[in-house]
Amino acid sequence: MESWKSHVRAELFHRDCRQRDPFSGLFDKVSRLEEMLDFHIKLWQGSSKENGSSKCPDKGGTLYLRVNEVEFLNQQLKQKISDLTSNIYLKEAELQYCHSQVARYRTEAVLLAQGASCLKSDLEEYEYQLECQSKELTALRLEHNTLREELAATKLQKEQLLDRWLEEKKEEAERINKHNATQERWQRLTGRLKKRYRGRSRPTPCAANSSSDIKPTEPKI
Amino acid sequence: MANEFPQNREGTANSRHANLTSSLDLSTSLDHSVRTRIFKIIVIGDSNVGKTCLTFRFTGGAFPCKTEATIGVDFREKAVEIEGEKIKVQVWDTAGQERFRKSMVEHYYRNVHAVVFVYDVTKMASFQNLKTWIQECNGHGVSSSVPRVLVGNKCDLVDQIQVPSNTALKFADSHNMLLFETSAKDPKESQNVDSIFMCLACRLKAQKSLIYRDVEREDGKVRLTHQPDPKSNCLC
């Protein structure tokens with residue numbers, strides 16, 4: 001391969017590496033040149049129609065072409081400026097909108113930050129409460145265990161007391177039963193004594209009218 | 001309650017008069033205490049049928065506001081006069097709950113003079129359990145001559161009655177018992193409550209001759225076993 005070709009290839013390769021869009025400059029250039037060509041053709045057609053009365057003072061019309069080109073470029077630039085101005089207005093409006101949005105978001109962010117701060121403080125408070133409650137729970141569990149043990153002890157004591165009470169009731173019942181039996185025996189004896197006394201006191205009827213039937217038995221008791 | 005014997009048995013040794021007076025007092029009080037017969041009546045039935053209230057109504061004349069389960073037995077006594085004779089009605093208010101009575105049952109039935117079976121007219125189960133109570137009573141050697149009455153308590157709860165009167169009456173007839181339907185709570189029924197125990201006391205008093213006959217039979221046994229000295233005047 002010829003050296004200039006390799007040089008061009010290398011240069012093109014470097015340019016492609018430098019430019020993101022490798023052919024964008026070329027296309028722009030081509031489109032500008034096409035535009036200029038169209039303009040020149042229009043201008044040429046216009047000048048050929050008015051061939052009789054020559055407007056351009058220069059030979060060959062180079063100056064004329066240059067002036068028209070400058071005018072065309074001027075118009076283009078005016079259009080561009082107008083576009084850019086409207087674009088600037090648009091961008092300004094956009095910017096204002098963005099500012100308002102920023103302000104709104106800032107307010108929102110402030111509010112959210114305040115909320116977050118509140119939530120954080122709440123969280124801290126809840127954490128503290130949780131800790132307190134956890135400690136309380138531990139204390140209550142301990143107390144519960146103690147109370148349960150006490151309850152068990154009290155239940156045992158109650159059972160023991162109940163047993164003692166029952167035992168005492170049993171003894172009392174036994175005592176009363178004995179007392180009842182003794183009472184009945186006494187009654188039997190009284191009856192017998194009465195019988196005996198009546199038997200003895202039959203010859204002296206006055207004695208039988210005494211107030212207490214048991215009197216003669218006194219010494220025996 | 002059990003110890004009603006006079007405590008002051010001693011007299012001054014030097015004073016015959018005082019001795020005689022104390023002996024006379026002793027004899028009078030002895031005579032008084034000995035002559036007052038005691039009728040032991042037990043009240044049995046399911047727990048919470050109103051045994052305590054019934055006995056309290058008879059002995060205290062009122063309805064207790066609050067009662068708790070009877071433990072073992074509660075003793076109540078009321079002195080009554082029947083045909084001029086003073087009688088102590090000794091009411092044994094027994095526990096209805098098995099755990100509070102199991103160790104005491106034999107004491108309930110020892111030398112018992114009458115038995116009152118109580119059921120709750122608003123609880124059919126308490127009526128149905130009467131058979132068990134009668135079986136227990138018979139199982140402890142309570143003689144058929146011992147008067148028994150059937151008492152249906154809580155009659156004031158008219159809307160809740162579950163045990164019809166005729167059913168209870170049939171049951172009482174089949175077991176040769178008198179039936180009383182009453183309410184320990186209702187003050188109007190207090191006469192009825194009194195009449196339950198008074199009726200039993202009257203029947204027991206009427207059985208006096210029979211009891212004495214048994215007693216004389218027992219006396220014969222005592223003489224044989226103890227062989228008292230014929231010369232001795234001590235009757236104890």
Side-chain angles (χ1 to χ4, degrees), chain A residues 151-204 206-221, chain B residues 1-5 9 19-20 22-40 42 69-75 77 88 90 92 94-95 99-113 208 211-212 214-216 218-219 222 232-236:
Chain A
L151 181 71
T154 312
K155 267 183 185 170
L156 188 74
Q157 208 177 349
K158 186 193 159 198
E159 287 301 318
Q160 284 170 350
L161 279 171
L162 209 64
D163 286 346
R164 263 180 62 195
W165 193 351
L166 269 171
E167 204 57 41
E168 277 181 27
K169 283 277 178 186
K170 210 156 93 179
E171 281 170 18
E172 198 179 348
E174 214 168 309
R175 215 164 46 235
I176 289 170
N177 274 334
K178 262 185 194 168
H179 170 255
N180 287 351
T182 314
Q183 191 84 356
E184 272 190 27
R185 220 173 78 215
W186 270 103
Q187 277 165 4
R188 285 203 305 269
L189 288 171
T190 317
R192 279 169 56 195
L193 281 170
K194 271 183 191 169
K195 235 183 225 175
R196 200 177 285 182
Y197 174 72
R198 277 181 200 136
R200 277 187 191 172
S201 61
R202 226 168 255 158
T204 52
C206 302
N209 294 330
S210 61
S211 60
S212 174
D213 294 345
I214 208 163
K215 267 180 189 172
T217 65
E218 276 171 21
K220 292 175 189 171
I221 297 165
Chain B
M1 190 184 74
N3 190 7
E4 290 183 347
F5 298 107
R9 287 191 175 201
N19 203 355
L20 186 64
S22 75
S23 295
L24 278 168
D25 289 345
L26 177 68
S27 72
T28 314
S29 61
L30 263 174
D31 183 42
H32 187 74
S33 73
V34 164
R35 280 176 70 176
T36 309
R37 286 200 290 161
I38 296 171
F39 290 156
K40 174 182 169 180
I42 60 165
T70 308
I71 297 168
V73 62
D74 280 342
F75 307 101
E77 210 174 68
K88 264 185 198 168
Q90 189 182 80
W92 288 44
T94 67
R99 62 184 178 135
F100 294 148
R101 69 194 306 277
K102 59 186 172 188
S103 60
M104 299 210 57
V105 184
E106 58 178 290
H107 295 289
Y108 297 159
Y109 294 104
R110 191 177 296 160
N111 298 328
V112 68
H113 295 123
K208 186 182 173 183
I211 291 164
Y212 277 163
D214 290 346
V215 162
E216 276 166 16
E218 275 180 28
D219 280 354
V222 170
S232 169
N233 287 326
C234 181
L235 297 167
C236 302

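Remember, it's a predicted structure, so these values are computed and weren't measured experimentally. Below, read A as the first sequence line, B as the second, and so on, with proteins coming before strands; counting in each chain starts at 1.
Using a 4.5 Å cut-off on side-chain heavy atoms (C-beta onward), B/Lys40 and A/Asn177 make contact.
The ring pair (Phe, Tyr, Trp, His ring centres under 6.0 Å) check on B/Phe100 picks up nothing, with sequence neighbours excluded. Qualifying side-chain contact (heavy atoms from CB on, under 4.5 Å) partners for B/Glu106, counting only residues two or more places apart in sequence or in other chains: B/Arg110.
Judged by distance alone, with hydrogens and angles left aside, the side-chain atoms of A/Glu184 form no donor-acceptor pair with the main-chain N or O of B/Ile38 at under 3.5 Å. Between the A/Gln187 side chain and the B/Thr36 main chain, a donor and an acceptor come within less than 3.5 Å of each other.
The CG atom of A/Asn180 lies 4.0 Å from the CD atom of B/Gln90; values are rounded to the nearest 0.5 Å.
By a heavy-atom distance cut of under 4.5 Å, A/Leu162, A/Trp165, A/Leu166, A/Lys169 are the residues of residues 162-169 of chain A near chain B, going up by number.
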